[in-house]
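Worksheet: the structure to be examined is printed underneath.
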Protein chains: 2
Amino acid sequence: MIQDHKHDMTQERLLDKAEALFAQRGYDAVSVREITAAAHCNLAAVNYHFQNKKNLYLEVFRARWIPRARRLQEFFRKSSVIQNATSPTAIAQGLAEAFLLGPLSDDERHRHFQLMVRELSQPSEALELVAEQVMRPFFTELAEMLRPAIGNGVEKQRLMLDALSMFAMVLYFNFARVAVTRITGREYDDAFKGQLVKHITEFSRTGLGVG
Amino acid sequence: MIQDHKHDMTQERLLDKAEALFAQRGYDAVSVREITAAAHCNLAAVNYHFQNKKNLYLEVFRARWIPRARRLQEFFRKSSVIQNATSPTAIAQGLAEAFLLGPLSDDERHRHFQLMVRELSQPSEALELVAEQVMRPFFTELAEMLRPAIGNGVEKQRLMLDALSMFAMVLYFNFARVAVTRITGREYDDAFKGQLVKHITEFSRTGLGVG
DNA sequence: GTCTATAGCAGGATAGAC
DNA sequence: GTCTATCCTGCTATAGAC
């Protein structure tokens, strides 16, 4: 029992540090030595608990990333905006709030989106997991939420593209933080994040609203 | 002269292969050995021509990425859509066409956006160059193009966020190709890219178009 | 300018003591 | 389960012949 406990603690610490480092600098730039040092355990622990480096990376997705994505989706579904209305505007606002302000700490959110962008732009086995278990079901769900308002006659692809576009903004304003800060001159404090949510909601509702 | 010629050819080949490989797999995952092998030249050539690996990476941006970004922007400015109208819709369409269909080959476009996303999500010195010489001026220009239609009274930040949002979609549909394909079931052939341009234009104009 | 050879180091992984 | 010691591979970078 004590052994299991210690075992678990080491595994947990390794997963935590591995996720943070992989998110920050990517799989290849991070060494097992660095991860174990950060987790205050021995070099051999990664191989003992996770067989090898690659499997540790996958386990980060299985044990951390996917559950967190589910929490985010749950938060979105239960948010008051969605509970009170399922208009496209409400959906956009719910999405933006959940993913920009939602239940995650700043660090956790940052890690989450960094890992996602890495996988989107350079898919590994982890994307298989993520696409099948998280993304496809969620976008399908979003598309069906949009259908009543957009039009029952409309093809599914149109709804999917709408959902992907809302998500594109959410993703972008999370991962391109440094560039957005550089271009707008604004730091990602609570005020600015609030404005971003408002902007994404508004842009999704009416686009540029003219001509 | 012959020496200069050979010299130049080797440099060019190195830049080409380096860009392709860095875009595909990232700085750390790619070795100098791999680059020189692909460029059919000697291992020592990188150090001779570019001092070290990191400077080769930066030179990829200076000599390849930035000029290409300028070509893209030039194509956008001179596109018939923009020449004939500067409504927000025309701007969105011009952007989407330039960056999704524009003057680049598929491979070149893919490389271009992969490198950009890598820098946006994990900035290195290269982002300094790109932000100051390309991004900031371009987004400022876009914002000013939007101003007359959106409203003269509106703060610059609102215009910047609009420009960033249009760009978010363009970027996303370029770099998250694998995921988009997985979710929509559509390959990135000419037909689908045409639909994406139409979608981005339309979404930028009216968003989801309803309540 | 190009090549070979090699220095010097860091990486992943494992065997075996505890 | 944890640790040390070590193997082996592959990396960047450079010295020096051509």
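Order of the sequence lines sets the chain letters (A, B, ...), proteins ahead of strands, with each chain counted from 1.
- Phe50(B) has its CZ atom 16 Å from the P atom of dT14(D), to the nearest Å.
- At whole-Å resolution of the value, CG in Leu43(A) and P in dC7(D) are 15 Å apart.
- For Asn52(B), taking side-chain heavy atoms from C-beta onward, the closest of the listed nucleotides dG1(D), dA13(D), dG11(C) is dA13(D).
- Within the 4.5 Å cutoff, side-chain heavy atoms of Tyr27(A) are placed close to those of Lys54(A).
- Asp190(A) CG: 12 or fewer foreign heavy atoms inside a 6.0 Å radius.
- Remark: C1' of dA13(D) and NZ of Lys54(B) are 15 Å apart, rounded to the nearest angstrom.
- When rounded to the nearest whole Å, the span between OH of Tyr48(A) and P of dA17(C) equals 17 Å.
- In this structure, Arg25(B) atom CZ and dC11(D) atom P are separated by 10 Å, rounded to whole Å.
- Closest approach to the Ala44(B) side chain among dA5(D), dT4(C), dT2(D) is made by dT4(C) (side chain taken as heavy atoms from C-beta onward).
- In this structure, Leu56(B) places its CG atom 15 Å from P of dC11(D), rounding to the nearest Å.
- Residue Ser31(A) places at least one side-chain N or O under 4.0 Å from the OP1 or OP2 atom of dG11(C).
- Crowding of Lys17(B) atom NZ: a count of heavy atoms from other residues, nucleotides or ligands under 6.0 Å not exceeding 12.
- His40(A) places its NE2 atom 17 Å from the C1' atom of dC3(D), with the value rounded to the nearest Å.
- Thr10(A) and His49(A) share no side-chain donor-acceptor pair at under 3.5 Å.
- The side chain of Asn47(A) contributes no N or O atom lying less than 4.0 Å from OP1 or OP2 of dG12(C).
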Could you go through Arg25(A) and Glu34(A), starting from their C-alpha distance and side-chain angles, then the distance that decides it, and tell me whether this counts as salt bridge (Lys or Arg N to Asp or Glu O under 4.0 Å)?
CA-CA 12 Å; Arg25(A) 308 218 308 282; Glu34(A) 202 176 352; 2.9 Å; yes
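- For the pair Asn42(A) and dG1(D), the criterion of a side-chain N or O lying under 4.0 Å from OP1 or OP2 is not met.
- The nearest whole Å value for the distance from the CZ atom in Arg33(A) to the P atom in dC7(D) is 14 Å.
- Dashed line: the shortest gap from a side-chain N or O of Thr10(B) to OP1 or OP2 of dG1(C) is not under 4.0 Å.
- Among dG1(D), dG12(C), dC3(C), the nucleotide with an atom closest to any side-chain atom of Lys53(A) is dG12(C).
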